[in-house]
Amino acid sequence: DTGVSQDPRHKITKRGQNVTFRCDPISEHNRLYWYRQTLGQGPEFLTYFQNEAQLEKSRLLSDRFSAERPKGSFSTLEIQRTEQGDSAMYLCASTRGSGNTIYFGEGSWLTVV
Amino acid sequence: KQEVTQIPAALSVPEGENLVLNCSFTDSAIYNLQWFRQDPGKGLTSLLLIQSSQREQTSGRLNASLDKSSGRSTLYIAASQPGDSATYLCAVSMEYGNKLVFGAGTILRVKS
């Protein structure tokens with residue numbers, strides 16, 4: 001059990017560029033979540049997967065955002081045509097089933113300049 | 001829409017003091033409530049998970065209580081240490097294993 005891994009940890013990009021974040025959950029965790037956190041706030045839910053199925057998407061997830069979890073393993077979160085308002089920490093979390101402890105990764109910091 | 005509020009927003013205490021962090025939520029129909037710790041620039045670490053049918057959970061110097069009907073939870077930290085300095089976040093789950101709704105957190109500083 002190596003924990004939830006996120007890559008890259010930090011990304012600085014110019015406005016209008018596309019970025020992709022990767023999350024490797026704890027093995028055998030069937031649920032995977034993406035959250036976004038800005039300074040001084042708690043994380044906000046973006047989307048979650050059960051195995052490879054994306055079961056819910058927040059209204060925060062505009063059409064510039066897309067997430068995938070092929071084969072129910074790792075997940076990617078892509079942001080197209082980045083805007084300064086996308087600057088935040090993107091957190092990935094995983095859990096086995098429901099009602100169990102959820103494990104978060106260290107987050108991926110995005111700065112859009 | 002569920003809203004989670006944490007009071008106080010920041011707290012500074014001397015080492016050794018016992019302290020209480022408060023969390024309130026507007027919709028009592030929760031599935032469970034969790035307390036997390038977050039160090040600066042890091043991810044979240046789950047501290048305690050309380051199912052809706054439970055009243056409290058304990059882990060070491062930490063004790064969390066849940067009063068679902070009044071929409072409140074408290075996190076009690078006994079004999080605080082400088083290493084406890086962090087942001088503490090409360091989150092509720094509204095449905096079976098579904099998304100968490102977080103409060104903004106309480107920033108705790110324990111002075112040595």
Side-chain angles (χ1 to χ4, degrees), chain A residues 2-7 9-10 21 23-26 29-51 53-61 67 88-111, chain B residues 1-10 21-25 30-54 57 59 62 64 66 73 75 86-108:
Chain A
T2 58
V4 179
S5 178
Q6 293 189 243
D7 183 72
R9 292 293 319 282
H10 298 89
F21 299 113
C23 172
D24 287 273
I26 293 173
H29 277 193
N30 60 343
R31 288 182 178 237
L32 185 148
Y33 302 80
W34 285 100
Y35 288 84
R36 180 171 70 185
Q37 186 178 26
T38 54
L39 283 175
Q41 299 299 315
E44 295 176 293
F45 169 80
L46 293 179
T47 188
Y48 92 97
F49 294 83
Q50 178 159 309
N51 300 313
Q54 187 173 19
L55 296 187
E56 187 173 348
K57 292 170 58 175
S58 164
R59 284 176 292 179
L60 292 174
L61 218 63
M89 181 162 68
Y90 291 84
L91 290 159
C92 178
S94 71
T95 186
R96 178 161 46 204
S98 298
N100 296 311
T101 299
I102 187 168
Y103 295 86
F104 280 81
E106 292 289 281
S108 291
W109 281 99
L110 173 64
T111 301
Chain B
K1 178 188 173 186
Q2 176 73 274
E3 292 183 358
V4 179
T5 303
Q6 292 188 244
I7 294 173
L21 307 181
N22 296 290
C23 172
S24 62
F25 44 95
I30 64 169
Y31 184 74
N32 60 39
L33 180 145
Q34 297 186 61
W35 283 92
F36 294 87
R37 169 186 172 135
Q38 185 173 33
D39 293 296
K42 301 288 189 178
L44 283 68
T45 300
S46 180
L47 298 173
L48 291 164
L49 167 64
I50 310 177
Q51 304 293 350
S52 61
S53 58
Q54 298 175 320
Q57 283 286 341
S59 175
L62 305 179
L66 173 64
S73 175
L75 178 67
T87 297
Y88 290 81
L89 293 152
C90 167
V92 298
S93 174
M94 296 304 296
E95 299 173 19
Y96 181 69
N98 212 330
K99 63 190 178 190
L100 295 172
V101 179
F102 283 86
T106 294
I107 302 171
L108 173 64

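Quick caveat, the model's predicted, so the values are computed rather than measured. Naming convention: chains lettered A, B, ... in sequence-line order (proteins, then strands); numbering from 1 in each chain.
Here CD1 of A/I102 is found 12.0 Å from OG1 of B/T45. Values are rounded to the nearest 0.5 Å. For the atom pair A/F104 CZ and B/F36 CZ, the distance stands at 5.0 Å (nearest 0.5 Å).
In this structure, the salt bridge (Lys or Arg N to Asp or Glu O under 4.0 Å) partners of A/E106, at least two apart in sequence or on a different chain, are B/K42.
With respect to chain A, the highest number of heavy-atom pairs below 4.5 Å among B/L49, B/L48, B/D39 belongs to B/L49.
Using a 4.5 Å cut-off between heavy atoms, B/L44 contacts chain A through both its backbone and its side chain. Using a 4.5 Å cut-off between heavy atoms, B/Q6 makes no contact with chain A at all. Only the side chain of A/Q37 comes within contact range of chain B, with at least one heavy atom under 4.5 Å from a heavy atom of that chain. Heavy-atom distances place the side chain of A/L91, and not its backbone, under 4.5 Å from chain B.
Using a distance-only test at 3.5 Å, with no hydrogens or angles considered, no donor-acceptor pair links the side chain of A/Y33 to the main chain of B/L100.
Of all non-hydrogen atoms in B/K99 and A/F45, the two that sit nearest each other are CB-CD1, 3.3 Å. When all heavy atoms are compared, the tightest approach of B/L89 to A/G42 is CD2-CA, 4.0 Å.
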